[in-house]
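Here's the structure we're looking at; comments come further down.
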There are 2 protein chains.
Amino acid sequence: MARTAAAKPDLSRETIVDRALAIADAEGLAAVTIRRIAVEFGVTPMALYWHVSNKDELLAAMGDSFFVGLQVPSRDGWLDELRAIMVVLVESLRRHPASAPLAAQRVMASEPGLELAERTLALLLAAGFNQTQTSDIARTAMQTAVMLITSQAGSELDVPAEQREAHMLAKRAALEALPASKFPSVRMCLQSLTDCDDEQAYYDFGIELFVGGVARLHDRRTA
Amino acid sequence: MARTAAAKPDLSRETIVDRALAIADAEGLAAVTIRRIAVEFGVTPMALYWHVSNKDELLAAMGDSFFVGLQVPSRDGWLDELRAIMVVLVESLRRHPASAPLAAQRVMASEPGLELAERTLALLLAAGFNQTQTSDIARTAMQTAVMLITSQAGSELDVPAEQREAHMLAKRAALEALPASKFPSVRMCLQSLTDCDDEQAYYDFGIELFVGGVARLHDRRTA
DNA sequence: ACCTGAACACCGTTCAAGT
DNA sequence: ACCTGAACACCGTTCAAGT
């Protein structure tokens, strides 16, 4: 009866993946270690190998997790549909920013990832893009979503959560020390370069940039 | 006089960085190891620490290398200028695809990187974007360039050069095994999804997609 | 079915010591 | 000025053994 909440759940493939994602959230992907996870479960490193065949498979499972249960609402136009896919994808990746890059390697290798890919490809083909363009745009869509997530918090993702504030301030201080004569624009954009006050706005902006690029490509193609 | 060409050059910060980039090219970033580099120079691991303070500094130096000596030709319109920057950046990153991600972490932290950033920011500010938009677009520009490089060869960058062909074929075989009833579009795009027959065209396409997105954003803003 | 113990071949890095 | 030796605290992983 003295079971404290969420402390040391049973070892299973699922709980291992969850723990790995949590560690990555807090301290970056590099902190995700078979041995570290084992310690957190109060178990021997080798115990994990019963549930997961090796570390690569664990990382793959972490990547797969971003695609399960994704519900893309349908829209009227193909462009709005594409945007909806990006929105859902970005929302999913935001849950575990540091692990987001793992998703890109798994879109075409997991069932739910493939379903999302199929939907995206079908949409672009129907819009009139040829196979090469469709493939390139779809690939770029996935990569763009990951990029938005990882560029946001920036490289601070590898830094432990508590140190991120200090890390950001140090970065800003370095830019502030730059001569305004040689780097006027950097100095001018200092605030927005080092701090993102509105995360959601940044993601919307990035999605719009991508979708807009696709739209323009489509216009040019039919013109 | 029996000095075979390019075999075991003297140990120095520069030759160490070059070797590290070469190893990454051949076997991926993960293969870049202090100990591995030491072996290739026929020297003790600790010997490297005289020239480079630690591994992070080595990775930083690898990232910095992409920006040195970049010459961006000037263009008439701001949009063409932005495109020219992207072209030069992509060309530089292509030299060492697996190490390209290191560049993104160094744009705002190295002298030549900052010069490129300054130029890009100035250009966007002059075009009428506000500070937030300018920062976001410039950041996206850098990330997009890296993304184009890394998404191209795909995750195969971590795979030793000789095994990449086999790796790609295995990937294609997996997609070919997919039921055409459930994944018609994936099957239809199979060729272009797994093989990039024209690298240059892919980069041009990606750059156009980005530049086009920026252009559309600018149009909307002034409309 | 699930986990442990011992061992192996790797990492980065420190610190004192050599030449 | 530049490099080595020995050592430490980490990795992932195998394989036989326990319960």
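Below, each value reflects all heavy atoms present in this structure, side chains not excepted, and no hydrogens, waters or symmetry copies. Naming convention: chains lettered A, B, ... in sequence-line order (proteins, then strands); numbering from 1 in each chain.
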Practice prompt. Go through the steps for Thr15(A) and Ser12(A) under the test side-chain hydrogen bond (donor to acceptor under 3.5 Å, both in side chains), then give the verdict.
Written response: CA-CA 5 Å; Thr15(A) 56; Ser12(A) 75; 3.2 Å; yes
Response to the item:
Testing dT13(D), dT4(D), dG5(C) for proximity to the side chain of Ala47(B), the answer is dT4(D)
Item to complete: Find the distance Asp56(B):CG to dC11(C):P and express it as a whole number of Å.
Response: 17 Å
Item to complete: Would you mind telling me which of dG12(D), dG12(C), dC3(C) lies closest to the side-chain atoms of Thr33(B)?
Response: dG12(C)
Worksheet item: Quick one: is Tyr49(A) getting a side-chain N or O under 4.0 Å of the dT14(D) phosphate, OP1 or OP2?
Response: no
Practice prompt. Scan every strand shown for a Watson-Crick or G-U wobble partner of dG18(D), both distances under 3.5 Å, and answer none if you come up empty.
Written response: dC2(C)
Item to complete: Report the base-pairing partner of dC10(C) (Watson-Crick or G-U wobble, both distances below 3.5 angstrom), or none.
Response: none
Response to the item:
Which of dG12(D), dT14(C), dG5(C) is nearest the side chain of Lys55(A)? It is dG12(D)
Worksheet item: Could you state the CG-C1' distance from Leu58(B) to dT13(C), rounded to the nearest angstrom?
Response: 14 Å
Worksheet item: So, Arg187(A) and Glu118(B), do they make that salt bridge, N to O below 4.0 Å?
Response: no
Worksheet entry | Among Val17(A), Leu48(A), Leu11(A), the one residue meeting side-chain contact (heavy atoms from CB on, under 4.5 Å) with Ile37(A) | Leu48(A)
Worksheet item: Are any of the side-chain heavy atoms of Leu190(B) and Thr194(B) separated by less than 4.5 Å?
Response: yes
Response to the item:
Of Val32(B) and Gly42(A), the one whose closest nucleotide on DNA chain C sits nearer the 5' end is Gly42(A)
Fill in: Nearest-Å distance for atom pair CE/P, residues Met46(B) and dG18(C)
15 Å
Practice prompt. Start with the C-alpha distance between Glu176(A) and Lys171(A), add both sets of side-chain angles, then the distance that settles salt bridge (Lys or Arg N to Asp or Glu O under 4.0 Å), and finish with yes or no.
Written response: CA-CA 9 Å; Glu176(A) 261 163 0; Lys171(A) 220 161 159 181; over 6 Å; no
Discussion item. Rounding to an integer number of Å, can you tell me how far Ile16(A) CD1 sits from dG12(D) P?
Written reply: 13 Å
Worksheet item: In whole angstrom, what separates Trp50(A)'s CH2 from dA16(D)'s P?
Response: 15 Å
Fill in: Whole angstrom value for the distance that separates P of dG12(D) from CZ of Arg36(A)
12 Å
Worksheet item: Between dC2(C) atom C1' and Leu48(A) atom CG, what is the distance in whole Å?
Response: 12 Å
Worksheet item: So, is His51(B) near the phosphate of dC3(D), with a side-chain N or O under 4.0 Å from OP1 or OP2?
Response: yes
Practice prompt. Mind calculating the distance between CZ (Phe41(B)) and P (dC2(D)) to the nearest angstrom?
Written response: 15 Å
Worksheet item: Which of the following nucleotides, dG12(D), dA1(C), dG5(C), is nearest to the side chain of Ile34(A)?
Response: dG12(D)
Worksheet, complete the sentence: Thr44(B) has its side chain closest, among dT13(C), dT4(D), dT13(D), to dT4(D)
